[in-house]
Amino acid sequence: MRISQLFYQTLKEVPREAQIPSHQLMFRAGMIQQLASGIYNYLPLAYKSIRKLETIIREELEKKGCQEVLLPYVQPSELWEESGRWGYYGPELLRFKDRKGGDFCLGPTHEEVITDMVRKNLKSYRQLPWNIFQIQTKFRDEVRPRFGLMRGREFIMKDGYSFDVDEEASKVTYQKMYDAYTAIFSRCGLTFRAVDAATGNIGGDMSHEFQVLAQSGEDLILSCDTCSYAANVEKAVTKRSEGTRDSSLFEEPEEVHTPGCKTIEEISDFLKMDASRFIKSIVYIIDEEPVLILIRGDLDINESKVQTIMGANSVELADDATVLEITGAGTGFAGPVGLKKKVKILADFSVTSGENFVSGANKDDYHLKNVNYGKDYTPDMLGDITFAAAGESCPHCDGKLEEHRGIEVGQVFYLGTKYSKTMNCSYLDKDGKDQLAVMGCYGIGVGRTVAAAIEQNHDDDGIIWPAALAPFEAVVLPLQMNKEEVVQAGDTIYEELKAQGVDTALDDREERAGFKFKDADLIGYPLQIVVGARSLENGEVEVKIRKTGEKMNLSLDKVASFVKEYIDGEKAIS
RNA sequence: CGGGAUAUAGCCUAGUGGCUAAGGCGCCUGCUUUGGGAGCAGGAAAUCGCAGGUUCGAGUCCUGCUAUCCCGACCA
């Protein structure tokens with residue numbers, strides 16, 4: 001590619017909107033343009049990187065026997081009603097009507113469509129396994145899109161779905177996909193961790209996220225400093241169980257007047273007691289049923305763990321009216337004592353250690369002192385529903401958990417029969433009996449992975465592309481465009497590199513040397529081949545390695561082979 | 001959805017009720033220059049987010065709307 005013809009423009013300044021390095025740099029390097037909140041144009045440089053990632057994805061998936069399709073991104077409501085998700089998928093699902101008044105949505109994911117497609121073709125166990133994927137634009141009307149390609153509303157995603165005869169076969173497929181993902185992100189030259197993940201409302205009961213480690217990551221992950229355990233903070237567990245109490249220390253409950261003290265902070269200040277001496281009692285609506293959740297005052301409820309423990313589809317806070325109806329008091333004065341018959345109670349292990357807690361009294365402006373687990377109340381369910389934290393023990397070994405920030409670039413789910421059941425996707429087994437297909441699903445955020453690569457690889461001057469994702473692997477920079485021999489040498493090297501199969505750009509613009517250097521650093525070509533009058537006198541050019549800043553002089557006849565070798569070496573790193 | 005902020009040329013900004021809306025980056029022309037975003041001279045480019053209002057006079061004040069960003073809640 002001759003850069004004089006490339007559709008792009010680099011900028012010295014960034015719009016105020018761009019907040020994180022990948023967004024700023026992609027903007028400055030002329031890779032993306034915003035069209036609306038969370039919706040972007042991909043310019044040639046960005047799309048080249050995206051296509052390179054897509055190629056890696058295709059190669060690795062095809063090695064595992066996956067097949068590529070392309071499904072519609074406009075989907076009829078009927079399928080979503082069948083799976084039940086039309087009802088409880090929120091406004092994130094962009095819905096609209098066609099001219100006949102029929103309900104449609106833009107696909108945020110494709111479980112429904114793929115399951116429908118497969119069930120129409122699936123007859124016999126002999127056909128399975130099937131593992132089908134697509135790379136396509138998705139739309140999710142995120143409440144708060146941000147950070148450029150990191151969290152867009154419209155984004156490119158690879159989504160794949162597997163269909164197996166039974167759980168055992170499906171778990172083999174899951175492992176294959178896990179391995180494929182590991183290979184994909186390794187080939188991209190990314191530093192990442194595969195972590196245990198929550199399954200959210202896509203359902204299923206086993207999942208890993210692939211997290212690229214980066215400061216600006218939106219996800220918090222915990223990993224063991226000793227073994228391979230790593231998990232999203234939503235899912236991370238630590239060694240926890242029911243605690244112990246000394247019942248000889250139990251005192252009788254006693255009401256205490258606490259006017260206006262609704263939050264743990266207020267009541268803790270008012271009574272001059274530490275937050276850990278309180279039981280936080282919060283009413284949730286879990287699958288339309290109220291549940292009172294208890295946790296120690298200094299801890300937070302991990303809704304994801306609640307969802308898992310309850311096997312629920314939705315977990316949300318109850319509104320004030322519901323709280324009043326159930327507890328007989330305004331929000332802020334709920335407590336477990338005396339509510340046993342009115343509402344189901346879920347307690348965290350944290351309330352089972354120690355004695356004489358303070359909780360709400362289910363009476364406006366009153367709290368109850370000396371509340372004891374097992375004596376004054378007994379929850380219906382007990383479990384670990386708090387967040388794990390750095391410094392706690394690893395659940396698998398004696399190590400300690402440490403904290404990292406991560407960007408979720410991929411996720412694999414074991415779905416079981418969640419969708420094949422509601423949508424009746426079945427086959428006949430050897431005995432002629434009807435069986436449900438067992439499914440898995442597997443996603444990669446394509447644009448996000450490219451952005452994550454930049455988050456992880458940049459400096460003050462610009463992007464430092466891993467060779468595998470670089471829009472161009474090398475750039476040739478003729479410094480004096482008015483000198484025939486420089487232009488000639490540049491052209492020759494450029495042609496040689498292309499002939500070697502190196503994806504090369506030639507900066508043939510009538511610009512000064514400094515300008516070309518700045519642009520090359522910003523765009524982040526892994527190698528810069530500097531053709532200048534000075535070194536050309538010795539029959540040499542200078543090669544700069546963007547990653548290390550290292551510069552070396554090479555004779556003209558050695559350049560192409562050096563570049564080829566270097567790039568191949570970089571791309572082989574995994 | 002709650003809280004906060006912003007909206008002036010393609011981009012970054014100045015403009016604090018009063019003359020023709022100013023500067024930098026970028027763009028075009030010419031000259032000069034050619035190893036780290038050069039210099040000089042000239043030029044094009046703005047319905048000051050939209051609508052209404054206050055005022056002799058509004059980019060500037062008020063109201064409404066829209067869009068964008070930030071924090072939080074949310075997020076297969």
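Below, chain A is the first sequence line, B the second, and so on; all start at residue 1. Note: hydrogens, waters and symmetry copies are ignored here, and every other heavy atom, side chains too, is used.
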Practice problem: Please give the nucleotide sitting opposite rA14(B) as a Watson-Crick or G-U wobble pair, both distances under 3.5 Å, or none. | Solution: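 WC or wobble partner does not exist here.
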Exercise. For residues F210(A) and Y181(A), establish whether the separation of their ring centroids is below 6.0 Å.
Key: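 F210(A) vs Y181(A): aromatic centres under 6.0 Å.
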Practice problem: Give a yes or no on whether the ring-centroid distance for W80(A) and Y89(A) is below 6.0 angstrom. | Solution: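 So the answer is yes for these two rings.
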Quiz prompt | Among rU68(B), rG35(B), rA73(B), the one nearest L479(A) by side-chain distance | solution = rG35(B)
Using a heavy-atom cut-off of under 4.0 Å over every strand shown, decide if [X] touches base, sugar-phosphate, or nothing.
| X | result |
| --- | --- |
| Q528(A) | nothing |
| E92(A) | sugar-phosphate |
| Y442(A) | nothing |
| L317(A) | nothing |
| D159(A) | nothing |
| R28(A) | base |

Quiz item: Do the side-chain N or O atoms of Q34(A) get closer than 4.0 angstrom to the phosphate oxygens (OP1, OP2) of rC69(B)?
Solution: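 True: Q34(A) side-chain N/O within range (under 4.0 Å) of rC69(B) OP1/OP2.
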Quiz item: Does a side chain donor of either D159(A) or Q136(A) reach within less than 3.5 Å of an acceptor in the other side chain?
Solution: no
Practice problem: Would you please classify the geometry between the H208(A) ring and the Y178(A) ring as parallel, tilted or perpendicular, with 30° and 60° separating the classes? | Solution: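 The arrangement is perpendicular - the two ring planes meet at more than 60°.
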Quiz item: If the sugar-phosphate is the primed atoms plus P, OP1 and OP2 and the base is the rest, what is the B/S/- string for nucleotides 21-27 of chain B, using protein heavy atoms under 4.0 Å?
Solution: ---BSS-
Exercise. Mark yes or no: K171(A) above the aromatic ring of Y414(A), with NZ or CZ under 6.0 Å from the six-membered ring centre and no more than 45 degrees from the axis.
Key: yes
Practice problem: Return yes if some donor-acceptor pair links the side-chain N/O of T10(A) with the main-chain N/O of A29(A) below 3.5 Å, else return no. | Solution: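 A pair under 3.5 Å: no.
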Practice problem: Classify the side chain of R146(A) versus the base of rC69(B) as yes if they form a donor-acceptor pair under 3.5 Å and no if they do not. | Solution: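 Checked by distance alone, the answer is no.
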